[in-house]
Structure formats: C-alpha cells, structure tokens
Amino acid sequence: MKYVVSVEGDQHQIEIEGSTVLMDGRPLELDVRQIGDLPLYSMLLDNESTEVSVEEDGRFRYSVMLAGELYSVSVRPAGTQPAADRSLHLASDNVVRAPMPGLVTAAPVQVGDRVAAGQVLVVLESMKMENPLPAPAEGVVHQVHVAVGDSVEKNQPVVTLKYDQENVAARDDGGE
Amino acid sequence: MKYVVSVEGDQHQIEIEGSTVLMDGRPLELDVRQIGDLPLYSMLLDNESTEVSVEEDGRFRYSVMLAGELYSVSVRPAGTQPAADRSLHLASDNVVRAPMPGLVTAAPVQVGDRVAAGQVLVVLESMKMENPLPAPAEGVVHQVHVAVGDSVEKNQPVVTLKYDQENVAARDDGGE
Amino acid sequence: MAMIRKVLVANRGEVAVRIIRACRELGLRTVAVYSDADRAALHVRLADEAYRVGPAPAGESYLSIANIIDAAVRSEADSVHPGYGFLAENPRFAQACLETGLTFVGPDYETIRLLGDKVEARRFMRAAGVPIVPGSDEHPGKDIVSAAERLGYPLLIKATAGGGGKGMRLVRTPEELGPALELARREAKSAFGDDTVYLERIVQGARHIEFQILGDSYGNVIHLGDRECSIQRRHQKIIEETPSRALTGELRHRMGEVALLAGRSAQYTSAGTVEFLLDGDGNFYFLEVNPRLQVEHAVSEMVTGLDIVKEQLRVAAGRRLRYRQEDIRIRGWAIECRILAEDPYANFAPSTGKVTGVYEPAGPGIRVESGVYDGFEVTPYYDSLISKIVAWGETRGDAIMRMLRALDEFRIAGIKTNIPFCQQLFNSPSFIGGQFDTSFLEQRFSLSTKRRQAQEMVAAVAATYVEHMKRGLRPGGGDAATPGSAWRRVGRVEAVSG
Amino acid sequence: MAMIRKVLVANRGEVAVRIIRACRELGLRTVAVYSDADRAALHVRLADEAYRVGPAPAGESYLSIANIIDAAVRSEADSVHPGYGFLAENPRFAQACLETGLTFVGPDYETIRLLGDKVEARRFMRAAGVPIVPGSDEHPGKDIVSAAERLGYPLLIKATAGGGGKGMRLVRTPEELGPALELARREAKSAFGDDTVYLERIVQGARHIEFQILGDSYGNVIHLGDRECSIQRRHQKIIEETPSRALTGELRHRMGEVALLAGRSAQYTSAGTVEFLLDGDGNFYFLEVNPRLQVEHAVSEMVTGLDIVKEQLRVAAGRRLRYRQEDIRIRGWAIECRILAEDPYANFAPSTGKVTGVYEPAGPGIRVESGVYDGFEVTPYYDSLISKIVAWGETRGDAIMRMLRALDEFRIAGIKTNIPFCQQLFNSPSFIGGQFDTSFLEQRFSLSTKRRQAQEMVAAVAATYVEHMKRGLRPGGGDAATPGSAWRRVGRVEAVSG
C-alpha cells in the first residue's frame, strides 16, 4: 500500500508491505507495538527504538509527538487528492472554539466588528488563569455564541468569523 | 435488595438501598467509585475511606483484598439456597489445575494411586522455580493429564482425583 | 499545645497527597476533603477518611472556611494542615481553626495576617532593617495611577493577598495599566477572595532567590539553605533548584542571615519561605515571606535529608525543632520541574480531560510528587499543576541529566502537558550554564521548531502506520484492533500466557 | 582501555531499565536485547536501539552468548553491561566480549571465573586468610554422600556456579539428600547451564551480612558499607537494609577490612559484593563474592549518594574511582523490599498474566526500580521479581514507616504479588526489633489470618456492592457499567469536562 506523506511541508513516498517499509524507495524493517490501548506506539525502525504518540486531528492529518518534539503529518493514499482535506480544514477554521472548558469572563467584540489577527475575541477563565482567545486571522465577526458568565465546554464554538480568501491561504501556509 | 453474606464463615444480613446500606440492620452511608475499569473500588463507608480489590472466584463467591488482608466472601440474595454454589465448588475441585503456566518437570503419580492430602502430584517449573502441585485432600488418582516435558497453560487440568465425601466436607469448611 | 493524632488536610492534588504521606509515616490518621470534582482524586483514595465540602468551584468548597471547619468537626480531627494555596495564607481560616479548638499546622494567624498582607509585610521588614523593592505602598495616601507614574514603567501589579503569581501582571506602558489592573483584580479575587493590589518597581535582570526557614514555638528559627526560582512563566515558577548557581558562599551566608532575621523578628513558627530578588550587582531585596509549605519544598528536602512536612507537624504539636543550624548539611544538588496540564503548542492553554494512561518516571535520584493516575479527570476548576519531578544529583550536571532522563520517560495520554517545553528548557545552553534571570523564559526563550530529518522520517512512518492500520489492511494476517500483533512472528509467549 | 559510547545491556526487567537509565544520564547510547516474550518490555521501550536475541526461553535468548555477542556486533556497541543473573557471572561471556573487542562492564573474566566458581573462591579466600564455612569442597576427593556424613545434618546444597538462591536446597536428613540433589541440579542447570553442586555446613542462627565493594584498574578498592539480607525465603533475599542492626561499629569496621582484603587479593575491579554469615557470637564467615551488580545495590546508593552503575561504567572505561574510602559517608537508613509475582495465599506460586493496571508508590524517600507498566505481560520464563521498593529514612524507624506507607499505596491488577506478605513482615515485632536471622522467615513467621471485624464488614459490603451491581440493579438511575456514577449527585465536573 502506497502513501503520499507530508511532514512539516516536505513530501515523502511511503509504502508499507508486511514488516517492510519503503521510505522514498529505501527499505526499512518496521516492528510496532501499541502500548495498552493508548495512542502510544513502541517502534523499532531498523532496530532504532522510539516511542511515539500519534493523534489524529482531522481527516488524513496526524500530530506525532516524538522525543519532545511535535510533528504535524498528513497521510493520504497515493492517487487521492489533498483538496478535500484543505476545504475541510478551511471550513472548520471559520469557527473559533474554546480550547478548554471554562468560564467566559469577557467578550469584547460585537457582530460586524472587523478584527485583526491576534485580537482578543473572548476571555476564558480556566485553571485559575485568564485565557484570551485571539482571532486566528484578520476578518469580520459573523456571530458571537457566548456571553460573559457562560460556562463553556471544550470545543464549544464561541465566535464565528468571516475571512478574506488571501488571509486563509496565507494562514494555511503558515499552519503547515 | 437484601443479601445473605458470609465472611470467613460469619453470616451477615446486608441490604442495599440507594446510597444507604443496612448492615445487620445498622444503616451506613455508602459511596463507591470504580478506579478505571479495574476490579478496584474506592469506598467511603460513613466517610471511612478504603480501597478494596474485589475479584469473583466462582458463582456468589468473591476474594476481597483490603489493607493487606485477603477475605473470602460469599454473597447470595436472601431466599436463594447456597446448595447450588457448593455443588459447583465441589465439581471443580476434582480436577487439580496448573496455578500458572509452566513446564512439567516431574509427574510421580499413576492412575489408581491413593494419595494423601499435600502429596505432590506434579512438579511445574515456572519463573525458574520448581513448583510442586499437591493433592488438596486424600483421594485416588483418576486421571493424569500431563507428562514430563509438557508445557501447560494456566488452569490447564493436570490430574483428576476422586475424593471420599467426608474429605470434601472437611476441606470445604477449611476453605471458608 | 495539643497532641496531634488526626489531621485534616484542607487541600487537594499533589500537596494533599504529600501531606497525607507524611502523616501516615508518623502514624497519624488522615482526613481528606473533596469537592464534587475530586471524589475519586488520589488524596481521597489515600486518606483514612474523606468528607465532601461542596461543589467543584473552589469558592464553594476548598475555599469555604465554614465547610472545611465543619468537616473537621464532623471527623473529630484535632488538627488541620492547609498545604499551599486555597486557605493556606488566610488568617481568618487559621483563626477559625484555633477558635474551634483545632491545631493549625502553620504559623499563628497574626503572623499569617502580617505576612500574608504583602504591604504590611514590606512595612514590617523595612522596619526590621531588611531591604525591600520600591512600591506604591510606601506612600499609601496617593492613588495608584500617580504612584505608577512615580515608580516609572515597566512595573508590576501584585495582589496584596497574593502568592504563586496569581493576580500578578506586568505593565509596560501607562495605557496597559487600566486593563491590567482589571485582569489582576479579577484573578486575585478568584484566587484569594480579595482583589486588593499594589505596584512594585521592576528590578531589572533580577534572579529569584528564596530561603526555606523552619521555626518552633520556643524562638528557634533555622534555614535549610537557598532555592533559585528564576525560571518563571506568567510569574509562575516552573523550575526550582538548590543550591543556586548565582550565590557565592559569602552572599549565601549574608542572605541566610537576613532570612533568619526576618523569621526571628516575626517570631516565626512552622515552615516558611523568605523570598528575595537578587540583581546583577549582588544587591538583594526582600520580596515576601510565604507563611506556609512551598510548592518547591521538596528540593530542600532532597539535599538536606529533612522531611519539612513532618517537622511542621512536630512543631505544631509543641515540640522543639530537632535540628540546630549547624546540623543542616547540604548534599549534592536538587532540581524540581513542575508538570502542568497546559499545551505548550497552543500558547499554554489549560488542557483538561480524562487521563487515559500515565507512566511517571522513577529510579535513582528521581522523586515524583503527583496527584494523577490512570483514569483521573483533570478539571478546569483548579491549578494546572498535576505533578512535580524532583531530580537529585551529586552535581548540578548530574541532576540536569537525570531530569532530562526522567522527562524523556514520562508518558501521559488524554491531556497535554508542558513536558516538551521543559525538555527544551533543560537542554538550553543558558539554563545549563546557569545564565538566566526571572525574565529569561518570556524574553529570551521560545519553543524551538528546528527541523530534525531523522525524527521527521520516524514521525512520517508512525503516522502512515496508524493510517494504514485504520484502513484495516492487515499485513502478515494481523489484527487491526491490536496492531502490535500484526507484525513479526508471534512468540511462544502468546501461546503460553495468553 | 577503550572509550565507552554505546552500551549493550545484556539483561531484561528492572535491572536492564536501571542500567539504561544510568547510561542515559551519562549521555551514553543504549542497546537493549529482547526475547520474543519481551518485545514490549520497558527496557526495550526505553533503549535507543533494540535487537531480538531469540525465543522466550532464557536458554535460547538471554543466556545465548552467541546471540548476545551477535547483537552487540550488529549494533556496533563498544561495551556490554551484563546486569545480574543470566550471563553476568559467566566467565566465558566476559571472555567472548573481550575477544570481540567489547568492553565488559565488570571484573575481568579470570576474576569472574575464580569467584564465580564458589569452590574455587572458597579455596582462594581461605588461602588469603579469610574465614570460611566448612564444606564438602575442602576434601575434593571424597564423594558427596560421605562428605555429607562428615559435615552432619542439616546442611545446604549449593550450586558451584550459584547465586540468588537458585539451585540451593536445605537438607535435614540423609533421606532427603538424594531427591534434593536432583532438584538442586535441575534448578542450577536451568539457571546457570551448569549443574555442579557442593555441600556447606549450616551456621545456626546466622545473619546474612554483605559489603558492597568498588574497585578500579589501578588497585584501588573501597567499600560502601554493609547490607543485611537475612530476610530470605527459599534462600532468596526478600528484604535488604543498610546499615545492619546487628553490627557494632567495631565489628562493622573489622568486616569491612576483611571485605577490602578479599577484594584487593582478587585485584577486584568494578562493583562486587562480599557476603558473610554472622553467628550469634559475632563470628563471621566468608560466603562468596558476587562479581557483579547486586539486586540490592540501591540501598547502598541511598545512604551514600553514589551511583554504583555509573561508577561501574567509569572504571570500565579505564578511569580511576572518584572516591576514597574516607569520602564515603553514610546518611540515614535504607531498606529494600522485593515485589515478586507470587501468590502468598497459594504457597507463593508464581503468578503470570497481563498487568491490567498498576500504581506504584512515590513521594518522599521512596525509590522504585521496576520493569512493569499497565499492559505489561508477566510470563513464566523469567525470575518473578517485577519491582523493587527502596525506602530511605533518617532512622530505621522512619524507613520502615515509609516502606509500610509505600506498600499500602501499591496497586496492581492482573497478577498476584507478595505485597500482603511484605506488609505483615514490616509490621512484625521481630522485624521492627531487628530480631531475626536467615531462618526467621521460614521458621518463625507465617502469614497471619487474624480476624478484623471492622475490615470484614467492609469486605462484606464491597463484595455485596459488586454482586448488586452485577445484577444490574441501578439505584439512583445509575449505570452498572460504571458503578461509580450510580451513586450520589453527579457533580458539575461531569457536565463540563466529560
């Protein structure tokens, strides 16, 4: 089975066949064990022992934590198109969600406001800290879903923005 | 719901109703949390905090480990008969099973031999130690299921014995 | 003073566990308190008794003096250990314990009031001849804005009832003052139930040096050496060590003497911490005294061999300190790293959720103080500190290498932590060289994004493997549910011990 | 000698993990070896590289010199640490390493041969003026049965290649001799691949006292004090401590001198242990020298602050010992408890299976050396030692209280362990009073079955609760799948962070 894999932007051809992996054509012996039922894998790659945590964050997209470094990897079967992926990525980005549960202690923006990248949309109190939620890019406030005093759950939408296309493109490159 | 509970031979009437337990008529506040999906329970009984491991070993029978002591407890709904339990208990006891996986390094008894309680039926090598498996009570060797050199799995039958009734009774009392 | 037989621990998390352990080792009975968020927390599981003190929000449970005292009465505890945070520095709580006939394991409430009120404490220490940092409190009459002008920017907003960086804010320009005051007051309110704040001048390039002191009711006060806590984020300590690289023997001696002066003049009992700022020229300024057990007390224990919590309990029971200053011998070096439930890749946003798996490091020279376990729920209600790793070594280098080894072994699934951040920190030349001050982390250090070809390749293969398994393709006739078994020959082990 | 950069650890379990940790802390690369039973073992997970050396049975993997050497060559390791057990005391292995150009982290093979052969060692030490226990080896000509008659019963069968109690058997009567010899030889064969045995007279009421020694290639030998290991079952140590309650300062000094004499006369390098028997009258007899790292080395590390494994690696790299005898200072007391996968309620039968959950104790003064984790498979192929708890305290009493605290916290599901047995042991007056010898455990101690009304009531309720839940009865509209949530109000926490 062949895959097109991009790590931090670089593309690789990876083929998995039995316990052999072809990495851009170079054969490697692979032996993997999952630890319990955790997203944690003990890997022997040509006898190099590493333990990696692999978490899916969106279709074809994975966050891989390895030796204290985080790598964002996208994997798609050779032949399929990345387009679907991008559009999905884009859509989800219009909505600013709460990164953690907490209490809304400030919501300074109004529907219709134009906000700059990084401008604070909402302040969440969680774990005794004030956590400002910034706008990911310049745009216009389309909806404000919460009010001061609300307690929100993780991933609950707090504000919906409208972006101009070029910003999205720019951000995507940055985000890769 | 009412239960007849015997611990190490003593009988108790226990009734569970919501978060209240009636222990021989005495009411206690009970709050239990299972730890993960382990057979481990954090119990608050009238605010006394204990952590107990509860493992089922046979119908209505439980082994409870608590503060470094092991208690064998039998629980049956008020009204039901303990008989069923005993017969089950008895049947299983004719067969001497391997308490752990290992390698048979000796099998000194023959079919038809009369063996005394504690007499070695089979020697299993496991974890680099020789582990003699003794007869639980006096009886006659009915079947020998293994031979020297066999590797056996946990709970695999090694010898089947035939007991005289009084021994069984005696052993059961001891076993309570 | 009364005999201590049964101790109520008025706290949660790792420090509650720490205190319960000390009590057990002294043969004392322990009473835990818990909010609805903590019924299955480790401190509840390990205590002899446990009482509910309210719903999840701290204000209605761990900060409720009435509920805690009520639990103490119901449990017939004879004493209360407050830990740190929550009510530890609240003199009304200490007083309530006293009036209920409970021995409070800490200094008496007048001392707590004096020292807990940072402004009061600064006045007292100045009078005692201890150098302090210029602040708005020196001219109480003036309003805070003109005080800011006089001190000059940048400056620091501090909560009068403060501690642990809560309610603390850096202000660079007059424009920032207003909003910063608002945030600081709100944080102070939620952390201490008191939103009074004051301003302090910033000591440029300062290092945070503190001394652990211990006092008894007979006027004996000793110190257990210094600790350096300059590695801070948002005014919250992340890494602490003892001894400090920054002190010469002579300077250490002088600061130690001042720490003892501070302790003695306050007739200090129990464990406390005298905090200083040390500038580049070797001038040091009194910051505050924390009249309680300190988060980082463990590093001092590692090099001295003392158990500070046990000593607190002994002196609270009216016994004399078991040590004189000359008994205190420092062996080796100890460093602490705070493991926080924060995502270093998302601007350190708090990370909550169920811990689905955890493996904490162990072995030689490693001490872990933790409140988490497999299945534990990390909630948004409390501090993000979930665990502390303390590494001891014969030298500072040994301790750092041990810490790196330990951080590398740490596994936790279900929540994000600052571990990757800490790993890079302990690898940074500035930290290894001891070249840092309190501004280091925020001004001269950032999470590296350097490329590592070899690792990127491994990451790529790992992600591909998982995607491959997800698609149910099973090379070697394996089973996608347990990918591990899909590879290689199946050893006799599966056959035997399945 | 060669530089050491990459170390192959020729072992498994907790000791392999221990050695890997020391290597990492020295910045050395590590190579693990594993059998098919251990692919996912902790030592494989923590090493930089890992090589398969054969199927599960030790004889075909961890005991295969050819396979281990092959792995060392393939991995381009420059050195090999053997740990304890397996090939650690096999001179042919040490020699094979040397001939392959690998630095063997241990004494040279002639020394191992001399000391590993218990009979040879006894002859050598007797010549050096060290007192030894009478044995069948003193008249080699005679056959073993007449030797037994001459020594008198009871006596001890020992494997010439022995260690760790393997192949050791107590013989009370002439009738027992034959069968016992058979068992002992079979055990010795499977443990060391050598079934030669000899007989030793029993020293009545003896305590087992040993000294940890360290030597370098320049003739320097020091000792790190004594260890008492009299608490044994089936000749296997279960609890070790330092210092020993049984030694006066004068006796400790004399035995230490003899230990150094033994080490120097053998021109000993690396870490080793000189074992003695001490009788009730203060007479001591040389038992053997273990030319390797000892299971219980950690207690000596806790009181001296040294890292014995790191020192082994340094001297193996040709460096001088970093310590002179006068540098060694003993601080406090340390006790080790071996956690074994054995069922104390089933005559200590080995217990195997998957560890479905484990919580190991931590906190002040507690060091855990372990090879298990949640999901780890305990197999029948190897030693039953899964974990070691070491407790340090300022006094012996403090250390015992800490150990009890730690054992009480230990949680492990999926396998049985000897923890309940150890808890009762540390609570026994004889142990606390230091009144024991090597026969204590088997002759004067047994697992109590004393009744505890209060606990029996709790046990009854617990079992009833589980049965009740099993029947799917759900008071308060709870959910039997997660009984916990069936009780009490559901706190806001579930609502927020579910």
Side-chain angles (χ1 to χ4, degrees), chain B residues 1 3 5-8 10 12 14 16-19 21 23 28 30-43 45 48 50-54 56 60 62-71 73-77 99-103 105 123 125-131 134 154, chain D residues 58 166 183 186-187 190-191 234 341-343 345-347 349-353 356-357 359 379-384 407-408 411 413 419-420 422-424 427 448-452 454-468 470-471 473 475-476 482-488:
Chain B
M1 183 76 189
Y3 298 88
V5 183
S6 108
V7 194
E8 306 295 333
D10 291 4
H12 301 279
I14 298 183
I16 295 186
E17 214 37 71
S19 66
V21 170
M23 177 83 187
L28 302 164
L30 177 65
D31 179 358
V32 183
R33 293 287 188 281
Q34 185 171 15
I35 302 304
D37 49 8
L38 304 176
L40 187 64
Y41 301 87
S42 166
M43 286 179 52
L45 198 57
E48 297 268 329
T50 47
E51 199 148 294
V52 297
S53 104
V54 181
E56 198 170 356
F60 295 139
Y62 294 91
S63 292
V64 179
M65 176 66 72
L66 154 60
E69 302 269 358
L70 184 70
Y71 300 92
V73 183
S74 76
V75 182
R76 62 186 162 81
M100 82 288 294
L103 187 76
T105 55
V123 178
E125 184 186 310
S126 187
M127 290 178 165
K128 297 268 161 298
M129 284 300 197
E130 299 281 340
N131 305 278
K154 187 171 185 169
Chain D
K166 304 299 167 56
L183 275 181
R186 192 158 51 222
E187 253 184 48
S190 90
R234 299 195 286 199
E342 299 177 350
D343 184 352
Y345 295 99
N347 193 31
S351 172
T352 61
T356 53
Y359 174 84
T379 70
Y381 301 108
Y382 316 112
D383 195 285
S384 63
L407 290 170
D408 194 54
R411 308 269 188 272
I419 288 172
C422 297
Q423 287 176 293
Q424 293 191 15
N427 272 314
S448 101
T449 52
K450 65 172 157 328
R451 312 291 304 268
R452 294 188 188 169
Q455 288 196 9
E456 285 183 13
M457 196 184 69
V458 175
V461 171
T464 308
Y465 168 84
V466 173
E467 175 70 23
H468 188 68
K470 211 171 95 252
R471 304 173 148 267
L473 302 178
T482 59
S485 58
W487 304 86
R488 264 188 193 284

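Values below: all heavy atoms of this structure, side chains included; hydrogens, waters and symmetry mates excluded. Each chain gets a letter, A, B and so on, in the order its sequence line appears, and its residues count up from 1.
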Identify which of [options] forms the greatest number of heavy-atom pairs closer than 4.5 Å to chain D.
| options | answer |
| --- | --- |
| B/Leu38, B/Val5, B/Leu66 | B/Leu66 |
| B/Glu56, B/Glu51, B/Met65 | B/Glu51 |
| B/Glu69, B/Met23, B/His12 | B/Glu69 |
| B/Thr105, B/Ile35, B/Asp37 | B/Thr105 |

Give the intermediate values and the outcome of side-chain contact (heavy atoms from CB on, under 4.5 Å) for residues D/Asp383 and B/Met129. CA-CA 8 Å; D/Asp383 195 285; B/Met129 284 300 197; over 6 Å; no
Which atom of [X] lies closest to which atom of [Y], heavy atoms considered:
| X | Y | answer |
| --- | --- | --- |
| D/Ser384 | B/Met127 | CB-SD, 3.3 Å |
| D/Pro380 | B/Pro101 | CB-O, 3.5 Å |
| B/Pro39 | D/Ala413 | CD-CB, 4.2 Å |
| B/Lys128 | D/Ser190 | CE-O, 3.9 Å |
| D/Ala462 | B/Val54 | CB-CG2, 3.9 Å |

Looking at B/Glu125 and D/Arg186, is any side-chain nitrogen of the basic one under 4.0 Å from a carboxylate oxygen of the acidic one? no
Heavy-atom distances under 4.5 Å only: say whether [X] touches chain D with side chain, backbone, both or neither.
| X | answer |
| --- | --- |
| B/Thr50 | side chain |
| B/Ser42 | neither |
| B/Leu28 | side chain |

Give, for atom CG of B/Asp10 and atom CE of D/Met457, the distance between the pair rounded to the nearest 0.5 Å. 13.0 Å
D/Gln424, part contacting chain B, at a heavy-atom distance under 4.5 Å: side chain
Under 4.5 Å from any heavy atom of chain B - which part of D/Tyr382: backbone
Kindly indicate whether the side chain of D/Asp343, heavy atoms from C-beta on, has any atom under 4.5 Å from the side chain of B/Pro99. no
Among D/Asp408, D/Val461, D/Leu183, D/Thr356, residue most engaged with chain B (heavy-atom pairs, under 4.5 Å): D/Val461
I'd like to know which of D/Gln423, D/Glu342, D/Arg411, D/Glu187 tops the heavy-atom pair count under 4.5 Å against chain B. D/Arg411
Step-by-step side-chain contact (heavy atoms from CB on, under 4.5 Å) determination, D/Tyr465 to B/Gln34: CA-CA 11 Å; D/Tyr465 168 84; B/Gln34 185 171 15; over 6 Å; no
If only side-chain N and O atoms count, and only distance matters, is there a donor-acceptor pair under 3.5 Å linking B/Tyr62 with D/Glu467? yes
Donor-acceptor pair between B/Tyr71 and D/Gln455 side chains, under 3.5 angstrom: yes
